[in-house]
Structures are given as C-alpha cells and as structure tokens.
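Heads up: the structure comes next, in structure tokens.
Note that the coordinates shown come from a computational prediction; the quantities given were computed from them, not determined experimentally.
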Amino acid sequence: MAETLIQNADVIVTMDDARRELQGADLRLRDGVIAEIGTGLRSTGEIINAAGCVVTPGLVNTHHHLYQTLTRAVPAAQDAMLFGWLQTLYPIWAQLTPEHFHVSTQIGLAELALSGCTLSSDHLYLYPNGARLDDTIHAAAEVGLRFHATRGSMSIGESDGGLPPDALVEQESAILEDCIRLVDRFHDADEGAMCRVGLAPCSPFSVSRDLMRETALLARDKGVMMHTHLAENDEDIAYSLEMFGCRPGQYAESLGWVGADVWHAHCVKLDPSEIALFAATGTGVAHCPCSNCRLGSGIAPVRAMRDAGVSVGLGVDGSASNDAGNLVAEARMAMLLQRVAYGADQMSAREALEIATRGGADVLGRPDCGRLAVGCRADVAVWDVSGVASAGSWDPAALLLAGPTVVRDLFVEGRQVVRDGHMQTIDLAGVVARQNDLMCGLG
C-alpha cells in the first residue's frame with residue numbers, strides 16, 4: 001500500500017463538517033485517500049515533516065480558460081471592457097493549434113498547483129486548427145491535477161448577430177456529437193475520479209437558445225454537469241434584456257439551466273430574485289474576483305449569495321483577464337472585495353478559505369474533495385509559515401491575511417505534485433520556454 005505520513009503540522013485546517021483545526025497533528029495518506037488524522041502517528045512509508053507548516057485541503061478552481069495563459073497582458077486588451085476585450089483577442093485565439101492548447105494547459109495547471117490547487121475545471125469553447133478538448137485532458141494528466149474539463153462551444157458568429165467571428169463558431173450538430181464523444185471517452189463518474197467532463201456553451205451571446213436547451217437535455221441524459229458564463233457585467237444584462245426580454249437568471253431557468261448539476265461563472269450582476277432562484281434550485285456560482293476587477297465588471301454579491309444558501313466556489317478565470325492563476329491570491333481578493341463593499345466583518349479569512357476548498361468542491365459535485373476527513377481524497381496542501389510572509393503572524397492558520405501565496409508541498413490523490421515549492425511532474429522550465437516561443441509566434 002502506498003502511504004505518506006504528513007507529521008507534526010503546526011495546524012491542520014480540516015474544513016471537515018465540524019471545521020476542526022488541529023494543532024501538532026498528523027495526516028496519513030494511503031492509496032489515494034485520507035486514512036487517518038491524529039497525533040503521534042507512525043509509518044514505514046514516506047514521512048513529510050510539517051513542523052512550521054499549516055496543512056489545508058487542496059484548493060479548488062471552478063472556472064478557468066487555460067489556453068489564455070498564452071495571451072497575458074496583450075497591450076490592446078489591457079484597458080478594455082468585456083465585449084471589446086473579447087473582440088480584440090478573438091483574432092489571436094483563432095491562430096492557436098493543438099500544441100498551443102496542450103502547452104498552455106500545462107502552464108496554467110502548474111501555476112495553480114504552486115498556489116495550492118489540486119482540482120481545476122477548465123472552460124474551452126473554441127477549437128481552431130484541429131484543436132480538441134483531448135489536448136487539454138492529456139496535458140492535465142501529465143501535470144497530475146484532478147481535472148474537470150468542460151466542452152465549451154460557440155455557434156452564433158458575427159454574421160448572425162453574435163460576438164465571435166464566424167471562423168471561431170461551429171455547427172450545432174457537430175458540437176453535440178463531439179460532446180457525446182468526449183463524455184463517452186473521458187468522463188469518470190466514480191468517487192475519486194481524476195477526470196470528469198462537463199458541457200459548457202460559452203455564453204448567451206455566442207450560442208442559440210436551441211443549443212442551450214439541447215445541451216441541457218444531453219448533459220442530463222449523460223449524467224454530467226453544465227457550465228456557462230452568466231450576468232458578468234452591465235453589458236451582459238443589457239444584452240439579455242434586449243435579446244431575450246428577461247434577465248439572465250430568468251433566461252437560464254427557461255432553458256433548464258438551473259439545478260445542482262449547473263454552475264455559472266461570474267454572476268456579478270445577479271439581483272435578489274436571481275439569488276433566490278439559485279438558492280432554491282441548488283445552482284452553483286464560480287466567483288472570479290480578480291477578473292471581475294480587471295475588466296471593471298463589478299463586485300459580485302457573494303455575501304448575499306452565501307447568506308441565501310447559494311453554493312459558491314472560486315475561479316481564477318482566464319489569464320487574459322486575470323493575468324495570473326494564483327488561487328490563494330484569488331481567495332484573498334474575494335475576502336477583501338466583500339469587506340470593501342459591505343464591511344470588514346462581512347467575510348473572514350477562514351470563510352474565504354472555505355469557499356476556496358470545500359465550497360469549490362461542492363460546486364463541482366465533488367464532496368470527496370475539498371476537506372481533510374477520513375475517507376476523502378488525499379488532496380493536501382502544505383504551507384510553510386516559518387518564512388518572511390508569515391513572520392509575526394499571531395494566527396498562521398489565517399493564511400489569507402499573512403501568506404504565503406506559494407505552497408511548499410502539494411499532494412493529489414496521495415501523489416506528490418509539488419515538493420519544496422517545485423513541480424515534480426513536468427519540466428516546468430522547459431514548458432515555460434516552449435510557451436514563450438509559441439507566444440512570440442502569435443503576434
């Protein structure tokens with residue numbers, strides 16, 4: 001039996017049902033699950049000395065566009081609002097090849113891993129030059145993170161009144177056929193799955209009503225989750241009112257896009273009636289605070305969502321709208337924005353960490369992840385709080401107040417992906433060099 005013992009942690013922040021925090025404790029990982037939590041444990045397997053460290057569940061990223069790590073800080077898009085930002089970047093993304101998608105996925109997931117993330121979703125909605133979702137799924141397997149790939153799509157191009165150029169949209173029949181292929185080939189519904197597949201039309205302004213409706217029917221027939229962008233900014237609301245005669249939440253409900261098998265990205269502009277709808281139906285939200293700030297979209301009403309009972313997780317969103325993929329920094333931003341909007345007592349460091357761990361796992365339908373409890377998956381982050389970022393901290397378990405933002409060790413399914421702050425599964429320096437070469441060819 002493969003076993004690792006994480007020993008003598010200063011604090012283990014379990015995020016279990018009782019939200020226990022255990023001092024001077026040990027964590028036994030065996031055969032991909034958490035086998036035991038206690039003190040004074042012994043093992044003949046590998047021993048990880050966690051003295052001077054805080055141990056948490058691996059963080060969960062509920063919304064990303066991994067291919068966008070190739071287009072960080074594009075000058076013409078640096079100061080644009082959402083629709084103009086997209087129209088600037090579409091022609092660049094149209095040049096991408098399968099290698100671009102593979103390499104950018106490795107980079108994006110490595111960046112997430114170094115920030116403590118063990119489970120990430122990805123929303124890939126454009127497939128130029130022969131690219132397929134397979135390219136990202138294979139890359140994720142090499143990096144070693146748990147992956148929830150979503151088959152995105154765009155079917156309404158500029159000539160039909162949509163936002164994307166016609167060259168980047170697909171025929172709806174072909175989209176649905178590929179969704180079936182991908183679910184049948186890659187989706188693993190079992191507990192402990194390393195790869196799941198969801199279905200994810202890009203947004204209400206890039207696909208038809210029919211595709212939204214047909215995708216929901218297909219997803220429920222196949223037993224997979226559904227994801228899209230919704231109510232991201234004022235432009236989004238105006239488009240919905242003009243084109244559909246209702247707000248985004250009502251539009252989603254009319255097409256079957258609410259329920260515990262659905263999560264929507266952003267939701268910055270949900271009104272009280274939409275929040276109540278999401279709470280009543282178990283619909284999840286991927287909150288992306290840094291991207292929302294970068295694009296000037298606003299501050300999502302996360303406090304109101306949580307108080308109403310909406311399931312909320314965190315997403316770094318794409319690196320073309322965030323320019324980074326650090327999930328612990330995202331959690332800190334989520335905390336700070338709720339405080340600046342509603343008051344310093346409206347979100348604690350521990351609540352924000354909960355959103356980043358078990359909150360995200362619950363949004364993705366993964367109660368086996370996001371908490372440290374016997375029988376849950378062995379997805380564990382070890383944070384060194386003996387360095388300068390935490391020096392003088394009276395409460396090292398309040399990670400989001402006093403760092404660090406880079407993990408020391410990271411385990412996924414009990415396998416070590418990060419050791420002493422370095423990736424163990426891929427040659428990161430080599431992949432970075434290749435990505436920079438590929439980026440230079442996109443000018």
Side-chain angles (χ1 to χ4, degrees), residues 62-68 71 77 81-94 96 101 104 121-128 131-133 136 148-179 182 197-216 218-219 224-233 235-237 239-240 243-244 248-249 251-252 255-257 262-269 285-286 288 291-292 295 297 315-322:
T62 62
H63 185 65
H64 208 330
H65 308 294
L66 286 161
Y67 72 91
Q68 292 181 14
T71 49
M81 300 289 282
L82 175 63
F83 283 17
W85 172 87
L86 283 168
Q87 290 168 325
T88 298
L89 290 167
Y90 280 140
I92 300 175
W93 295 337
L96 302 182
F101 287 99
S104 59
S121 66
D122 183 44
H123 188 187
L124 180 57
Y125 52 80
L126 47 82
Y127 300 90
R132 301 192 300 172
L133 191 66
T136 64
H148 198 132
T150 65
R151 206 300 182 179
S153 54
M154 298 191 295
S155 65
I156 305 296
E158 287 178 310
S159 63
D160 293 321
L163 199 66
D166 290 346
L168 284 178
V169 302
E170 301 173 90
Q171 293 293 321
E172 295 189 352
S173 59
I175 290 167
L176 294 170
E177 288 175 7
D178 196 47
C179 287
L182 288 161
V197 175
L199 306 186
C202 181
S203 63
F205 50 81
S206 58
V207 299
S208 71
R209 290 176 186 261
D210 286 344
L211 184 59
M212 291 289 289
R213 189 179 292 109
E214 290 299 317
T215 299
L218 176 60
V224 300
M225 295 190 71
M226 302 143 59
H227 183 51
T228 192
H229 298 92
L230 199 79
E232 185 168 353
N233 68 1
E235 291 176 297
D236 207 341
I237 301 299
Y239 184 93
S240 183
M243 299 300 293
F244 311 130
Y251 182 67
L255 298 174
W257 274 78
V262 180
W263 85 103
H264 294 290
H266 299 292
C267 297
V268 175
K269 299 296 181 178
V285 170
C288 306
S291 175
N292 295 341
L295 292 175
S297 300
V316 299
D317 204 5
S319 289
S321 64
N322 185 327

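Classification of the F244-Y239 ring pair by plane angle, with boundaries at 30° and 60°, yields perpendicular.
The line from OG of S153 to CG of L133 is 11.5 Å long, rounded to the nearest 0.5 Å. Between atom NZ of residue K269 and atom CD1 of residue I237 there is a gap of 8.0 Å, rounded to the nearest 0.5 Å. Here the OG atom belonging to S297 is positioned 4.5 Å from the CG atom belonging to N233, to the nearest 0.5 angstrom. Here CG of L168 is found 11.0 Å from CG of L86. Values are rounded to the nearest 0.5 Å. Taking OG from S203 and CE from M212, the interatomic distance works out to 8.5 Å, rounded to the nearest 0.5 Å. Distance check: F101 CZ to L66 CG gives 11.0 Å after rounding to the nearest 0.5 Å.
S321 and L295 make their closest contact through CB-CD1, 3.8 Å (heavy atoms, listed as atom of the first residue, atom of the second, distance). Pairing each heavy atom of H63 with each of C288, the nearest pair is CD2-SG, 3.7 Å. Contact record, V169 with I156: CG1-C, 3.9 Å, taken as the closest heavy-atom pair. Considering every non-hydrogen atom in both Y67 and L126, the closest pair reads OH-CD2, 3.8 Å.
Side-chain atoms of L218 and L199, non-hydrogen and from C-beta on, do get closer than 4.5 Å to each other. Between P201 and W257 there is a side-chain heavy-atom pair separated by less than 4.5 Å. Annotation: side chain of S206 is not in contact with side chain of L163 (no heavy-atom distance under 4.5 Å). Taking 4.5 Å as the limit, some side-chain heavy atom of W93 sits within range of a side-chain heavy atom of Q68. By the 4.5 Å heavy-atom criterion applied to side chains, Y251 and L230 are not counted as neighbours. At a threshold of 4.5 Å between non-hydrogen side-chain atoms, the residues T71 and S319 do not count as touching. The side-chain heavy atoms of T215 and C179, taken from C-beta on, include no pair separated by under 4.5 Å.
Only one option out of H264, H229, H266 pairs with H123 in a ring-ring contact (aromatic ring centres under 6.0 Å, His included); it is H229. Each of E214, R213, E172 was evaluated against S208; a single residue qualifies, E172, per the side chain to side chain donor-acceptor pair (under 3.5 Å) test.
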Run the numbers on Y90 and E158 for side chain to side chain contact (heavy atoms under 4.5 Å, CB included), then give the verdict.
CA-CA 12 Å; Y90 280 140; E158 287 178 310; over 6 Å; no
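With ring centers used as reference points, W263 lies under 6.0 Å from H148. Here the two rings, on H65 and Y125, have centers that are under 6.0 Å apart.
When atom types are taken as modelled, the side chain of N322 and the backbone of D317 share no donor-acceptor pair closer than 3.5 angstrom. Looking only at distances, no side-chain donor or acceptor of S155 sits under 3.5 Å from a matching main-chain atom of Q171. Of the possible donor and acceptor atoms, none in the side chain of S240 sits under 3.5 Å from a partner among the backbone N and O of D236.
A salt bridge between D178 and R151 is present, with a side-chain N of the basic residue lying under 4.0 Å from a carboxylate O of the acidic one.
No side-chain N or O of D122 forms a donor-acceptor pair with one of H64 less than 3.5 Å apart.
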